[in-house]
Amino acid sequence: MDKHIASGKTRTEALRLLRRRLSDVACRALIDQTAIGAPTRAFRVELVDRVIDQYWQQEQ
């Protein structure tokens with residue numbers, strides 16, 4: 001978020017961009033998972049971990 005704010009975006013715009021990226025990752029993972037069967041609880045936990053990891057990698 002700091003990178004977007006430094007580039008001139010408002011806090012609201014930066015949050016909107018972050019939410020869009022996170023939802024894109026989640027949707028892509030769900031589409032991949034549903035192609036092979038119904039998502040399990042373990043998959044949902046893994047998905048949340050993956051989204052958090054990608055967020056932190058982009059922030060660094």
Side-chain angles (χ1 to χ4, degrees):
M1 277 191 38
D2 293 334
K3 180 174 64 172
H4 291 294
I5 292 172
S7 71
K9 303 265 187 239
T10 65
R11 185 176 193 285
T12 303
E13 290 170 325
L15 281 171
R16 185 180 307 127
L17 289 168
L18 175 61
R19 284 193 304 258
R20 186 176 302 139
R21 282 192 186 156
L22 293 175
S23 69
D24 288 347
V25 171
C27 285
R28 197 172 5 200
L30 285 172
I31 289 169
D32 292 345
Q33 180 66 23
T34 55
I36 60 172
T40 62
R41 177 171 169 65
F43 171 75
R44 291 189 298 267
V45 169
E46 178 187 330
L47 175 61
V48 170
D49 289 342
R50 189 183 320 168
V51 168
I52 291 170
D53 288 345
Q54 284 191 353
Y55 168 75
W56 286 114
Q57 288 174 1
Q58 290 174 358
E59 288 297 311
Q60 294 175 356

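In this structure, Ile5 is not a member of the same hydrophobic cluster as Leu17, with clusters built from ILVMFWY side-chain heavy atoms closer than 4.5 Å.
Remark: Arg21 pairs with Gln58 by the side-chain hydrogen bond (donor to acceptor under 3.5 Å, both in side chains) rule, at least two apart or across chains. Considering only residues two or more places apart in sequence or on other chains, Arg50 meets the side-chain hydrogen bond (donor to acceptor under 3.5 Å, both in side chains) condition with Glu46.
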Could you list the donor-acceptor pairs under 3.5 angstrom formed by side chains in residues 6-15, with sequence neighbours left out?
unit_1: Ser7; atom_1: OG; unit_2: His4; atom_2: O; d: 2.7
unit_1: Thr10; atom_1: OG1; unit_2: Glu13; atom_2: N; d: 3.2
unit_1: Thr10; atom_1: OG1; unit_2: Glu13; atom_2: OE1; d: 3.4
unit_1: Glu13; atom_1: OE1; unit_2: Thr10; atom_2: N; d: 2.8

